[in-house]
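Here is the structure we will look at.
Chain letters run A, B, ... following the sequence lines, proteins first and then strands; every chain starts at 1. Values below: all heavy atoms of this structure, side chains included; hydrogens, waters and symmetry mates excluded.
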Protein chains: 2
Amino acid sequence: MTELQRRPTLMDVAKAAGVSRALVSIVMRGAPGAAESTRQKVLEAARELGYRADSRARLLRSSRTKLLGLIFSSSQPFHAEIVDAAYAEASARGYEIALSAVATGRPEARAIETLLDVGAEALIIIAPTLSTEDLALHARRVPVVSLLRDDVGDLVDSVSSDDYAGIRIAVDHLASLGHRRIAHVDGGTAVSSDQRREAYRTEMLRHGLEPVVVAGGPDEETGMRAGQVLQADLPTAVIAFNDRSALGIMESFRAAGISIPADISVLGYDDSHFARLSYVQLSSISQDAPLLAAAAVDRAVDRIEGTLPPGRVVRTPHLVLRKTTGHAGAQKVGQN
Amino acid sequence: MTELQRRPTLMDVAKAAGVSRALVSIVMRGAPGAAESTRQKVLEAARELGYRADSRARLLRSSRTKLLGLIFSSSQPFHAEIVDAAYAEASARGYEIALSAVATGRPEARAIETLLDVGAEALIIIAPTLSTEDLALHARRVPVVSLLRDDVGDLVDSVSSDDYAGIRIAVDHLASLGHRRIAHVDGGTAVSSDQRREAYRTEMLRHGLEPVVVAGGPDEETGMRAGQVLQADLPTAVIAFNDRSALGIMESFRAAGISIPADISVLGYDDSHFARLSYVQLSSISQDAPLLAAAAVDRAVDRIEGTLPPGRVVRTPHLVLRKTTGHAGAQKVGQN
DNA sequence: ATCATCATCTAGATCGTTCTAGTCCGACCA
DNA sequence: TGGTCGGACTAGAACGATCTAGATGATGAT
């Protein structure tokens, strides 16, 4: 039968090659200080024995784990895209990623502890909900990068998308299509909701238009309810807090026989997976998850390796044009 | 400025509590051999210093990390539900979970390595795509549990949902509603697709009905295309490979003015998040992610702690009735 | 009074690495 | 020839936990 075999150690390789443990360590790490001939001899012996460094021991001694802790929420599809991109960037910079999810009955604090236990050298937290003080507390131990949230105090790095710019682009786009009655369905208590709502108000006024905010939330259900509210006095365009909300809004319109974009233009936010579906084709503001993720990883690695102080990185989102926005004149044609 | 403070060690706690390192170790592990009074004193000191055991050092010495490795795919929303439930069950059994994602450019093998490096004592892989041989190779080192796939050889545990039973329930349900022309849109190359397709064929024949299979896939786009194909000769009911496929199918019907369930009944599979949306209300076969996850975790822990041999756990799915399935007679009423 | 017993606690070895501080020895230079 | 330099190599101390073996002292039996 297959025996559970003890894995070979440095000592085994050293004996086989007839050198010291230390020298094998040098060779295995590719560090300078070994003659080419012995280097070959050692590598040969290691290959022979199927030697692989025990990372636990290595990490214990060197205090370098090359591990980045990434905390995401298992219920947010948008986070998955970030995770995906973060892996790519991390491996490009020679780091591994340790994941920890925030789930029901598993608060952020718990996720953080797990990551520190396995030896993460920095923490990247997507849309952290902890207080600034709690974040600062952890930041004293290890570099902390907040992703998608920027009011996190002086000790914590942040990489976020410029919500104001995103909304400005949204309002500009709709205004340039001739819309004057543009409503906003907000995100309720969700992260970034306040910023976007205020940006919307300011930008509408800048255009000389009257802002109309309808209470919403971050998902389809709240979006649908908001859509029904909107129907009492239908605007010609609506900016949703995010794509899921937009989906709900559109669904309520569809049920009422209101067509998009003929009767009303709908603009989402996030450019998520389902905005791209062929039967949805939702115009949306893209925060560009891959870019944000890469920036967060870069930031974390820079903090670990260099000694630069915490700082903020802000990226400007952009418009992804699809089929749910159109000229303001359109709805007259559609209704006649 | 705030100095990056060193993480407290056993020694620090020992000094603070005025006892030896060994005793602190005993207390922290909850091992017998410490007086209740000192136990309290030590715990107090540990709490004071914010002490947490360094899992690397612990592992190096004891080879016990109480860590379960869980591998999921970042692009599968259904996996997220499993992750969620797995956390709950693991912590109930006194284990932590280390996550590793399969993402673009990051194959399963890589995910496995990371988890082993971090010291996972067992691996739970959701819908593994590795060959039986490769899985067996890893299973020699550490217990491996395959989730949602059961053809994984003798060395690997599996926890899966009974695809045959699921399809049987689906066909029975529709047949009991009087449907006789029931089509199946399959999952193409997706895991479980073959099993469900064959189950569908067998069950249809058992009911004395003629099976009709339309090629599909695991997502909305392929579902929609299949829906268009179906329209050439519309059946009275369709069983989709999964909910996302069902969504696409329904979308194609909606575009063609075919109403559900009046003209046709649609049954999904997975009972996923969006099947529950108020404007979708998709009847679906539920695999019960939380139960599956819990079973997988239990299996992994049992394998680690006991010496029971690898085995298969199969759970029977169940029907979740919503608004997309109805009596076969209904479409006549609907059309008149 | 003596000794075994038991609960409680501690010293020191140990896990498999990396790192520090050397040793050794041949080559080169004055 | 003798001193210095530097490349190649090694011994032994970390890292932070666990584990084994044994010390300590109170208790109770003889």
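When heavy atoms are screened at a 4.0 angstrom cut-off, A:T38 is found touching the sugar-phosphate backbone but no base atom. Counting non-hydrogen atoms under 4.0 angstrom, A:A22 reaches a base of the nucleic acid. Across all strands, B:R56 comes closer than 4.0 Å to no nucleic acid atom at all (heavy-atom distances). Using a 4.0 Å heavy-atom distance criterion, B:A53 is classed as a sugar-phosphate-only contact.
Of the candidates D:dC19, D:dC9, C:dC19, the closest approach to any side-chain atom of A:L23 belongs to D:dC9. Nearest to the side-chain atoms of A:R61 among the listed nucleotides D:dC9, D:dA17, C:dG16 stands C:dG16.
When the nearest nucleotides of DNA chain C are assigned to B:A35 and B:A57 by heavy-atom distance, the more 5′-ward of the two goes with B:A35.
When the side-chain nitrogen and oxygen atoms of B:S25 are compared with OP1 and OP2 of D:dT18, one or more of them lie within a distance under 4.0 Å. In this model, the phosphate group of D:dC19 is approached by a side-chain N or O of B:R29 to a distance below 4.0 Å at OP1 or OP2. OP1 and OP2 of D:dA11 both lie 4.0 Å or more from every side-chain N or O belonging to A:R21. Residue B:S20 places none of its side-chain N or O atoms closer than 4.0 Å to OP1 or OP2 of C:dA11.
B:E81 has its side chain within reach of B:S272: a pair of non-hydrogen atoms, C-beta onward, lies under 4.5 Å apart.
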